[in-house]
Amino acid sequence: MASIKDAADELTVYSRLKKMDGFDVAVKDQEAYYSSFYHSALNLWQHVQKEMAMQSVYEIGCGSGANLYLLQNRGIKVGGIDYSEKLVSVAQKILGEEGKSVSVGEAADIAVGEKWDILFCCSVFEYFPDESYGRNVLEKMYEKAEKAVIVLEIFDKALQNECEQHRRNTIEDYDEKYKGLEKMFYTRDMFIQFAQQKNCRIEFTQVDNPYYWNSRYQYNCILYKD
């Protein structure tokens, strides 16, 4: 793992970790593609820090630890969970001593006893089997969080037909190749209703990466436990 962490700069390390997590799509300008993810992540955490004093973040579906790596470099205590043993092993090595707080497991199985300032996930809800599962994970994230829950890159139910048509137009034999691997789309109403039930503040933001075509069909959601 030294070959990754010994990279010349933070962006290079982040980019390599992000690529391991499946974001290795064929785009012409790879440097700009990963740089956009990197700066979007930094902008998000700057935005959150303006809202609250943030000292710890736990990530659902943390993969190789790309996001946790950025946060750790900024003095934030980090932890997480992912179903992939291989990726968790990478994250544990990248994070060093704090890697002990990263474990293998399913999102719905997280223990809510230990509290963290922020519960966070990125591009994870799309892989859940149904909305009920997503709602259950959201409930556990909220219970485990002290200050906020952040869910990034949620596929927008209102844009599902448009998104799937785009995929059919750009991916040969899309329906056959992705049978049983469809993305899960969510309405904003699901998150709004959750916020109303919890009496918490909710904020939606756009996914900002012009090099990542999925972003036009996604949104972000932040739930503040004020």
Side-chain angles (χ1 to χ4, degrees), residues 5 9-11 13-15 17-18 21 23 34-82 87-88 90-92 94-103 105 107 110-125 134 137-154 188 191-192 194-195 197-209 215 218-226:
K5 206 164 185 180
D9 56 67
E10 184 180 73
L11 173 57
V13 175
Y14 173 84
S15 299
L17 294 174
K18 195 77 172 172
D21 289 336
F23 288 86
Y34 287 111
S35 180
S36 186
F37 277 120
Y38 173 77
H39 289 292
S40 291
L42 295 185
N43 289 338
L44 166 74
W45 296 116
Q46 289 174 0
H47 173 71
V48 173
Q49 284 179 318
K50 289 178 182 179
E51 295 283 339
M52 69 189 74
M54 178 182 69
Q55 296 181 319
S56 63
V57 174
Y58 187 94
E59 183 177 7
I60 306 297
C62 63
S64 65
N67 295 305
L68 299 182
Y69 166 73
L70 296 184
L71 290 163
Q72 184 187 60
N73 285 350
R74 284 150 184 81
I76 304 297
K77 175 186 173 183
V78 296
I81 190 171
D82 195 275
L87 292 178
V88 165
V90 173
Q92 289 172 337
I94 283 291
L95 300 173
E97 184 65 22
E98 285 193 270
K100 293 178 181 178
S101 294
V102 178
S103 60
I110 59 170
V112 298
E114 183 182 3
K115 305 299 181 183
W116 296 70
D117 285 347
I118 293 176
L119 262 288
F120 162 70
C121 68
C122 179
S123 197
V124 171
F125 268 53
V137 172
L138 188 63
E139 184 73 45
K140 288 197 170 185
M141 291 177 72
Y142 192 84
E143 186 174 350
K144 192 174 179 67
E146 292 278 14
K147 297 182 178 181
V149 170
I150 301 174
V151 183
L152 302 184
E153 298 184 13
I154 307 161
R188 297 189 186 212
F191 294 93
I192 293 171
F194 183 89
Q197 291 171 3
K198 301 297 183 182
N199 194 29
C200 68
R201 182 161 57 96
I202 187 170
E203 176 185 8
F204 291 109
T205 63
Q206 293 302 117
V207 179
D208 185 20
N209 187 336
S215 66
Q218 298 174 320
Y219 61 91
N220 303 319
C221 179
I222 306 176
L223 300 165
Y224 297 98
K225 298 179 76 169
D226 294 331

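Just so you know, these numbers come straight off a predicted model, no measurement behind them.
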From [X] atom [atom1] to [Y] atom [atom2], the distance as rounded to the nearest 0.5 Å:
{"X": "Trp45", "Y": "Arg74", "atom1": "CH2", "atom2": "CZ", "result": "11.5 Å"}
{"X": "Ile118", "Y": "Ile150", "atom1": "CD1", "atom2": "CD1", "result": "4.5 Å"}
{"X": "Tyr224", "Y": "Ile202", "atom1": "OH", "atom2": "CD1", "result": "10.5 Å"}
{"X": "Asp226", "Y": "Glu51", "atom1": "CG", "atom2": "CD", "result": "8.0 Å"}
{"X": "Phe125", "Y": "Phe191", "atom1": "CZ", "atom2": "CZ", "result": "5.0 Å"}
{"X": "Met141", "Y": "Ile110", "atom1": "CE", "atom2": "CD1", "result": "7.0 Å"}

Which heavy atom in [X] sits nearest to a heavy atom in [Y], and how many Å separate them?
{"X": "Glu153", "Y": "Ser123", "result": "OE1-CB, 3.2 Å"}
{"X": "Ala91", "Y": "Val102", "result": "CB-CG1, 4.2 Å"}
{"X": "Gly99", "Y": "Gln92", "result": "O-CG, 3.3 Å"}
{"X": "Ala41", "Y": "Leu70", "result": "CB-CD1, 4.0 Å"}
{"X": "Val88", "Y": "Ser103", "result": "CG2-O, 3.6 Å"}
{"X": "Asp9", "Y": "Leu11", "result": "OD1-N, 3.2 Å"}

Verdict with supporting geometry, His47 and Glu203, side-chain contact (heavy atoms from CB on, under 4.5 Å): CA-CA 12 Å; His47 173 71; Glu203 176 185 8; 3.1 Å; yes
Ser101 and Val78: CA distance, side-chain angles, deciding distance, side-chain contact (heavy atoms from CB on, under 4.5 Å) verdict: CA-CA 7 Å; Ser101 294; Val78 296; over 6 Å; no
By side-chain contact (heavy atoms from CB on, under 4.5 Å) - contacts of Val124 (at least two apart):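 Val124 satisfies side-chain contact (heavy atoms from CB on, under 4.5 Å) with Cys121, Phe128 only.
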Is the backbone of [Y] close enough, under 3.5 Å, to the side chain of [X] for a donor and an acceptor to pair up by distance?
{"X": "Lys144", "Y": "Glu114", "value": "yes"}
{"X": "Ser40", "Y": "Asp208", "value": "yes"}
{"X": "Asn220", "Y": "Phe204", "value": "no"}
{"X": "Ser215", "Y": "Asn209", "value": "yes"}

Side chain to side chain donor-acceptor pair (under 3.5 Å) partners of Asn199, counting only residues at least two apart: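 In terms of side chain to side chain donor-acceptor pair (under 3.5 Å), with neighbours along the sequence ignored, Asn199 is linked to no residue.
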Test: Glu143 and Lys225 ion pair at under 4.0 Å: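 No, no charged N to carboxylate O under 4.0 Å.
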Close side-chain approach of Val149 to Phe194, heavy-atom, < 4.5 Å: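 With C-beta onward as the side chain, the pair stays apart.
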Working for side-chain contact (heavy atoms from CB on, under 4.5 Å), residues Leu42 and Tyr14: CA-CA 12 Å; Leu42 295 185; Tyr14 173 84; over 6 Å; no
Steps toward side-chain contact (heavy atoms from CB on, under 4.5 Å) verdict (Glu139, Lys198): CA-CA 10 Å; Glu139 184 73 45; Lys198 301 297 183 182; 2.5 Å; yes
Extract all donor-acceptor atom pairs below 3.5 Å that involve side chains of residues 53-68 and protein atoms in other chains or at least two apart in sequence.
residue, atom, partner, partner atom, Å
Ser56, OG, Asp117, N, 2.9
Glu59, OE2, Asn67, ND2, 3.1
Ser64, OG, Leu17, O, 2.9
Ser64, OG, Asp21, OD1, 3.2
Ser64, OG, Asp21, OD2, 3.2

Test: Lys18 cationic atom under 6.0 Å from Tyr34 six-membered ring centre, within 45° of axis: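 The answer is no; the distance or angle limit is not met.
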